[in-house]
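Values below: every heavy atom of this structure, side chains too, minus hydrogens, waters and symmetry copies.
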Amino acid sequence: MDLSYSDEQVMLRDSAERFVAANCGADNLRKMRASEEGFSRAYWKQMAELGWLALPFTEDQGGLGGTAVDTNVLMEAFGRGLLLEPYLTTVVMGGGALKAAGGRDDLIGKIIEGDLLLAVAYAEPQARFDLFDVATTARKDGSGWVIDGHKAVVLHGDSADKIIVSARTSGDRRGKDGISLFIIDRGAAGLERRAYPTVDGSRAAELFFNSVKVGADALQGGEGQGLAILEKVSDDAITALCAEAVGAMKVLLDTTVEYTKTREQFGQPIAKFQVLRHRMADMMMEYEQAKSMALVAALKVDSADPVERRKAVSGAKVQIGKSGRFVGQQAVQLHGGMGMTDELSVGHYFKRLTMIDILFGNVDHHLKQFSAAA
Amino acid sequence: MDLSFTPEEIAFQNEVRAWMAANFPADLRAKVETGEKLYKADLLRWQKILAAKGWIAPAWPVEHGGPGWTPTQRYIYANEMALAGAPDLPAFGLKMVGPVIYTYGNEEQKRRFLPRILGGEDWWCQGYSEPGSGSDLASLKTKAVSDGDDYIVNGSKIWTTGAHDSDWIFCLVRTDDTGKKQDGISFLLIDMKTPGIEVSPIIVINGDHTVNQVFFTDVRAPKKNLIGKENEGWTYAKFLLVNERNGIAQVGHKKHTLRRIRKLASATDMHGGRLADEPGYRQRLAETEVALMALEYSELRFLSGQKTDHAPGTEANMMKVAATQLQQSMSELFIEIAGYYSFPYDGFRDKKGSNEPPVGPAEAGGAMFDFLYGRAATIYGGSNEIQRDVIAKVLLSI
Ligand SMILES: Cc1cc2nc3c(=O)[nH]c(=O)nc-3n(C[C@H](O)[C@H](O)[C@H](O)COP(=O)(O)OP(=O)(O)OC[C@H]3O[C@@H](n4cnc5c(N)ncnc54)[C@H](O)[C@@H]3O)c2cc1C
Ligand SMILES: Cc1cc2nc3c(=O)[nH]c(=O)nc-3n(C[C@H](O)[C@H](O)[C@H](O)COP(=O)(O)OP(=O)(O)OC[C@H]3O[C@@H](n4cnc5c(N)ncnc54)[C@H](O)[C@@H]3O)c2cc1C
């Protein structure tokens with residue numbers, strides 16, 4: 001067994017860490033959240049030049065053939081830096097969906113060049129975390145389709161050039177069969193968008209499909225084949241988010257240790273108080289367990305054994321949810337009033353961790369998935 | 001021993017209920033039910049209605065404008081108000097400095113300040129914490145130096161809630177730094193319009209502006225606004241802190257919030273069913289309700305004069321810890337209901353004349369906003385670590 005990074009992975013980590021240290025962090029977030037799209041197109045181009053947008057795609061597709069562990073190396077650094085660019089939505093989710101569906105290597109090429117942004121519209125207001133709960137419909141119309149429905153909280157749904165949307169081509173709202181994926185241009189007639197900022201300083205949109213007409217080629221991966229692709233996309237995204245959360249927790253732990261060593265009350269550094277020392281020891285232990293589980297997810301998300309994959313991915317999401325909550329909340333607590341400010345970075349990491357806990361299903365949801373798989 | 005209310009108490013409860021139904025403005029109620037932010041103008045309107053009725057300061061002595069209720073009546077009143085969705089008015093005047101003034105102030109101070117606190121003409125803020133003095137409050141350094149009939153005040157206060165909306169600030173200032181740190185502190189009232197005071201906003205984690213840093217540069221504060229004796233301010237400060245913690249259980253508000261949570265969790269169509277039927281959620285909801293009962297009956301026990309067996313005098317500290325933990329776990333239950341719809345940043349939920357609906361279900365509005373701000377509850381008013389220290393000190397007699 002060897003759980004150490006390869007030389008390439010070490011290089012990837014170092015370059016990603018240099019990039020976020022130079023460009024990202026809370027100051028950048030405060031600046032960007034006031035901007036039109038909430039992230040920097042210039043950074044996105046640089047990320048393309050660094051080859052990061054090519055990482056998970058096959059060499060045939062013009063990619064680097066990276067593994068889930070490679071993606072996690074990047075995501076952990078992004079988590080440390082509160083990186084805002086739409087890597088998760090465009091590369092991991094959108095690119096992942098195209099890769100799984102097959103047939104659109106032209107679009108993957110554009111992702112790699114940094115010329116195409118994607119968003120995946122899977123959630124619906126009534127669906128909570130169930131990917132198969134799809135009320136949006138796609139009805140046959142000549143050789144093409146007509147799509148109607150409302151997709152909720154589509155991450156980066158405002159800036160994406162194309163949207164990949166799940167819609168029902170047959171069956172009941174909660175039926176596991178009959179879900180298909182379509183790719184749609186942002187400017188399609190009948191596609192309405194209500195964009196808004198999110199709590200963590202990013203962007204999302206409600207998307208309303210009002211009889212949006214698409215051609216036969218919009219269908220991705222075959223009629224009724226959408227759910228399996230969505231489940232893969234969701235698992236890859238969870239795996240990536242777990243690594244991002246680990247990066248965020250590491251920063252919170254380091255920042256808190258540093259702060260309590262310098263902040264003095266009662267004539268001594270507050271790090272001298274045993275209750276705070278134990279709290280930080282607990283934070284560290286939570287961080288380490290989270291890191292282990294994020295690694296398990298990355299190593300097993302592509303496993304052919306569905307039970308093994310489910311337990312690794314859902315198990316990691318449970319651990320990350322619990323650890324992230326503890327580390328985030330205690331980091332704020334140990335900073336006292338300072339932890340509550342928009343000025344310090346602590347609150348931004350805490351908010352991001354809170355959102356990661358909810359994204360693609362919270363602790364309860366994944367405990368259920370885990371026990372159902374066991 | 002009797003848990004039930006007397007017929008007179010029940011009549012009183014009905015009276016409060018009926019009056020609320022008739023007099024609590026519907027637009028304020030709607031704002032509370034959807035988690036919208038209430039501004040000073042909203043609160044002031046409500047304060048004037050309560051003041052006109054004579055119900056604005058339940059705990060104040062009759063001679064200063066209180067209604068003369070028994071502790072049980074006060075309890076019933078607070079409960080009914082909260083259950084009807086009435087917002088809390090800022091405590092700084094009505095629950096903090098008001099009682100300090102009628103307990104330790106002179107006649108002139110009582111005449112001058114108390115009626116204006118009741119009527120809302122003066123809004124107050126609390127100038128205790130400083131950048132270098134949070135948990136270790138007694139180490140405060142803002143200096144007041146005697147100069148004829150005045151003090152000249154220099155220094156800075158931080159985390160001052162509502163300073164930007166306030167007419168007056170009650171400050172702990174250092175008037176002597178030769179002895180023990182608690183011994184050289186004075187309790188001084190300062191008009192916020194005095195030259196040399198600068199209020200600088202601090203934006204908090206949910207994007208709101210509630211707290212400030214307040215800078216004092218050669219601020220001239222008349223000595224007639226000193227409470228009690230010079231260098232004895234620590235006594236008054238601690239009296240106020242105990243009052244602050246007493247109100248902190250907020251049982252009525254918690255019941256109101258829990259009712260909202262239960263209603264939403266029972267109604268929302270999630271997972272093809274109700275969230276309240278999900279085993280994990282259901283169990284946490286029940287646990288929360290049990291914790292709220294324990295809090296409520298502890299408050300009633302302490303109100304009725306029972307003391308703790310082990311650490312008498314620490315009842316308020318215990319209530320602070322238990323109540324804030326409960327508040328935080330309730331707000332977690334709330335964002336769980338909202339699910340993905342806790343992501344949209346809804347700013348101050350101040351529609352400012354726009355009739356665009358909030359993103360997501362309106363009833364779950366403000367869930368994330370309150371969850372984030374609620375993290376402060378275990379920090380302010382003496383952090384929970386400090387409360388436990390206080391309890392342990394008494395428990396172990398050290
Ligand atoms: C079942 C069992 C098997 C054992 N087997 C062995 C053995 O094989 N060989 C051997 O040598 N010993 C053995 N021990 C002894 C064991 O190592 C000691 O009990 C242990 O080190 C604690 O010491 P103590 O019992 O004197 O408790 P104390 O040291 O008096 O501790 C009492 C309590 O105070 C806490 N405490 C102490 N210091 C601090 C501090 N600085 N900060 C915070 N909390 C503190 C402790 O955590 C504990 O809760 C065994 C004990 C048990 C219970
Ligand atoms: C939203 C908000 C509103 C506020 N409003 C007001 C206001 O209106 N007026 C006002 O005067 N103040 C106000 N405060 C200030 C509040 O009272 C202080 O934040 C609080 O006393 C903690 O002080 P600090 O922030 O300096 O943290 P610190 O004292 O630096 O504490 C940092 C951490 O160390 C811990 N710690 C400190 N000492 C010990 C110890 N001996 N043992 C164990 N742990 C310890 C604390 O519990 C905390 O977790 C407000 C604060 C907030 C966040």
For [X], look at atom [atom1] and say whether over 12 heavy atoms of other residues, nucleotides or ligands are found less than 6.0 Å away.
X	atom1	value
Asp277(B)	CG	yes
Lys322(A)	NZ	no
Arg193(A)	CZ	yes
Asp282(A)	CG	yes

Interface moiety of [X] toward chain A, non-hydrogen atoms closer than 4.5 Å:
X	answer
Arg284(B)	side chain
Pro131(B)	backbone
Thr378(B)	both
Phe371(B)	side chain
Gln328(B)	neither
Ser133(B)	backbone
Ile202(B)	side chain

In terms of heavy-atom proximity below 4.5 Å to chain B, should [X] be classed as side chain, backbone, both, or neither?
X	answer
Ser202(A)	neither
Ala152(A)	both
Arg279(A)	side chain
Tyr196(A)	side chain
Leu367(A)	neither

Would Tyr340(B) and Phe129(A) count as a close aromatic pair, with their ring centres under 6.0 Å?
yes
Donor-acceptor check, side chain of Glu385(B) to backbone of Val275(A), threshold 3.5 angstrom: yes or no?
no
Okay, side chain of Glu336(B), backbone of Asn362(A): is any donor-acceptor separation there less than 3.5 Å?
no
Working to the nearest 0.5 Å, report the span between OG1 of Thr354(A) and CD of Glu332(B).
8.5 Å
Reported NE2-to-CD1 distance for the pair His348(A) and Ile205(B), which is rounded to 0.5 angstrom
8.0 Å
Do [X] and [Y] have side chains that approach each other closer than 4.5 Å (heavy atoms only, starting at C-beta)?
X	Y	value
Thr198(A)	Pro344(B)	no
Asp136(B)	Phe266(A)	yes
Lys351(A)	Tyr345(B)	no
Phe343(B)	Asp200(A)	no
Tyr373(B)	Met340(A)	yes

Among the options Gly339(A), Ala204(A), Gly337(A), pick out the one with the most heavy-atom pairs lying under 4.5 Å from chain B.
Gly337(A)
Sort out for me which of Glu343(A), Arg325(A), Glu264(A) touches chain B most, counting heavy-atom pairs under 4.5 Å.
Arg325(A)
Options Gly360(B), Gly132(B), Gly280(B), Ser383(B), ranked by heavy-atom pairs under 4.5 Å with chain A, top entry:
Gly132(B)
Step by step, would you call Arg375(B) with Phe350(A) a side-chain contact (heavy atoms from CB on, under 4.5 Å)?
CA-CA 11 Å; Arg375(B) 297 312 309 174; Phe350(A) 164 56; 3.8 Å; yes
Hydrogens and angles aside, do Glu206(A) and Tyr341(B) bring a side-chain donor and acceptor to less than 3.5 Å of each other?
yes
Tell me the closest heavy-atom pair linking Gly134(B) and Gln265(A), and the distance in Å.
N-OE1, 2.9 Å
Run the numbers on Ser342(B) and Ile358(A) for side-chain contact (heavy atoms from CB on, under 4.5 Å), then give the verdict.
CA-CA 9 Å; Ser342(B) 56; Ile358(A) 299 166; 3.4 Å; yes
Let me see the working for Arg128(A) and Glu278(B) under side-chain contact (heavy atoms from CB on, under 4.5 Å), right down to the final yes or no.
CA-CA 13 Å; Arg128(A) 204 161 164 78; Glu278(B) 289 285 312; over 6 Å; no
